[in-house]
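Report on the structure given below.
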Amino acid sequence: MKIAVFPGSFDPITIGHVDLVLRALPLFDQIVIAIGVNSQKQTLFPLEQRLDWLRKVFEGEPRVVVDQFEGLTAHFCTRIGARYLLRGLRNASDFDYEKTISQLNQIVGDGIETLFLISQPAYSHISSTIVREIIKGGGDASPFLPEGLSVR
Ligand code: ADP
């Protein structure tokens, strides 16, 4: 079975993340959206909330699984038998960052390949960081959030 792991913080999930998963789904048998838990990293939303949102958004898609992991992404992939990572590229700074991580994962993960999808123009300005700023500032972030997801 061809399994891809889509790792991230998803703090919170945006329509950019959803688009990426839906576009990648024809390429894999299963996509595991996995929240990397890092106790040092402060998030706006608690882990359980972020997992719930992911599960809700993809409840109608049996080939999308939601999970969490601690430690290295590559080790998580090995544990669940995934040979692929999925990541999105919005701009050149995403590329510079992702390039290093992907090269590292190929070594640490014993040949794990990272598949990159370029974000759609309509989504390339959307990030969880921007969404968090809007929420913190008391604005309405709903244009960037999956339908039916109420974040406050
Ligand atoms: P991290 O904390 O690892 O940056 P994120 O949850 O912010 O994780 O993002 C996870 C992945 O989703 C990254 O590969 C990022 O490039 C991708 N991504 C985020 N927003 C978008 C978007 N608007 N369009 C395409 N890909 C995106």
Side-chain angles (χ1 to χ4, degrees), residues 3-28 30-58 61 63-80 82-109 112-137 139-149 151:
I3 306 172
V5 168
F6 182 32
S9 311
F10 305 100
D11 187 31
I13 182 172
T14 70
I15 51 175
H17 294 129
V18 176
D19 184 64
L20 205 73
V21 171
L22 296 180
R23 286 168 60 204
L25 212 43
L27 306 173
F28 300 101
Q30 186 178 75
I31 294 180
V32 179
I33 308 179
I35 297 184
V37 184
N38 179 349
S39 51
Q40 316 282 64
K41 205 169 159 184
Q42 273 289 105
T43 57
L44 183 60
F45 298 103
L47 175 64
E48 275 312 317
Q49 176 72 86
R50 287 178 283 142
L51 288 167
D52 277 355
W53 281 328
L54 287 170
R55 288 192 196 106
K56 184 162 174 275
V57 168
F58 292 102
E61 184 43 78
R63 293 193 298 120
V64 175
V65 173
V66 175
D67 207 341
Q68 65 183 83
F69 66 96
E70 276 179 58
L72 296 179
T73 309
H75 291 169
F76 173 70
C77 290
T78 306
R79 209 153 64 233
I80 66 165
R83 302 298 303 150
Y84 303 93
L85 281 165
L86 173 65
R87 294 289 284 179
L89 294 176
R90 286 162 293 194
N91 47 47
S93 57
D94 270 359
F95 174 80
D96 282 341
Y97 174 77
E98 296 290 343
K99 179 183 156 193
T100 314
I101 306 276
S102 136
Q103 288 167 336
L104 212 89
N105 278 326
Q106 200 167 47
I107 298 164
V108 178
I112 284 179
E113 293 287 2
T114 306
L115 189 100
F116 296 101
L117 290 184
I118 306 276
S119 71
Q120 292 203 55
Y123 298 127
S124 61
H125 61 294
I126 302 173
S127 68
S128 296
T129 308
I130 297 274
V131 168
R132 287 195 301 275
E133 289 309 312
I134 292 171
I135 294 167
K136 284 184 202 162
D140 176 16
S142 59
F144 309 117
L145 301 174
E147 198 117 344
L149 204 107
V151 172

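Note that ligands are numbered from 1 as they come in the structure, with each ligand's atoms numbered from 1 the same way.
Annotation: side chain of H75 is in contact with side chain of V108 (closest heavy-atom distance under 4.5 Å). A 4.5 Å side-chain heavy-atom check between L85 and C77 finds at least one atom pair inside the cut-off.
Ligand 1 has an N or O atom lying under 3.5 Å from an N or O atom of S9, backbone or side chain. Residue contacts with ligand 1: F10 is placed with a nitrogen or oxygen under 3.5 Å of a nitrogen or oxygen of the ligand (distance criterion only). When only interatomic distances are considered, the shortest N/O to N/O separation between S124 and ligand 1 does not fall below 3.5 Å. Between P7 and ligand 1, a contact under 3.5 Å exists for no N or O pair.
A side-chain contact (heavy atoms from CB on, under 4.5 Å) with L54 is found for one member of V21, D67, I33 and no other, namely I33.
Nearest heavy atom pair, residue V131 against residue A141, reads CG1-CB, 3.9 Å.
Under 4.0 Å is where a charged nitrogen must lie from a carboxylate oxygen, and between R23 and D19 at least one such pair does.
For residues 84-105, the ring pair (Phe, Tyr, Trp, His ring centres under 6.0 Å) pairs, not counting sequence neighbours, are F28-Y84.
Of all atoms in ligand 1, numbered sequentially from 1 with element shown, those under 4.0 Å from a heavy atom of Y123 are 22 (C), 23 (N). Atom numbering of ligand 1 starts at 1 in the shown order; those under 4.0 Å from a heavy atom of D94 are 16 (O). Under a 4.0 Å criterion applied to the non-hydrogen atoms of I126, ligand 1 contributes the atoms 20 (N), 21 (C), 22 (C), 23 (N). Here is the list of ligand 1 atoms found below 4.0 Å of a heavy atom in K41: 2 (O).
Within the 4.0 Å heavy-atom cutoff, F6 counts among the residues contacting ligand 1.
In E98, the part holding a heavy atom less than 4.0 Å from any atom of ligand 1 is the side chain. By the criterion of a heavy-atom distance under 4.0 Å, neither the backbone nor the side chain of I15 is placed next to ligand 1. Of the heavy atoms in R50, none comes closer than 4.0 Å to ligand 1. Residue contacts with ligand 1 for R90 involve side-chain atoms from C-beta outward but no N, CA, C or O (heavy atoms, distance under 4.0 Å).
From the protein, the heavy atom lying nearest to atom 26 (N) of ligand 1 is G88 CA, 3.7 Å. The shortest contact between atom 4 (O) of ligand 1 and any protein heavy atom is with R87 NH2, 4.0 Å. For atom 25 (C) of ligand 1, the nearest protein heavy atom (residue, atom name, distance) is S119 CB, 3.3 Å. Closest protein heavy atom to atom 5 (P) of ligand 1: H17 NE2, 3.8 Å.
Separation of atoms CG (N91) and CD1 (I118) is listed at 10.0 Å; rounding is to 0.5 Å.
The ring-ring contact (aromatic ring centres under 6.0 Å, His included) test applied to F76 returns F69, not counting sequence neighbours.
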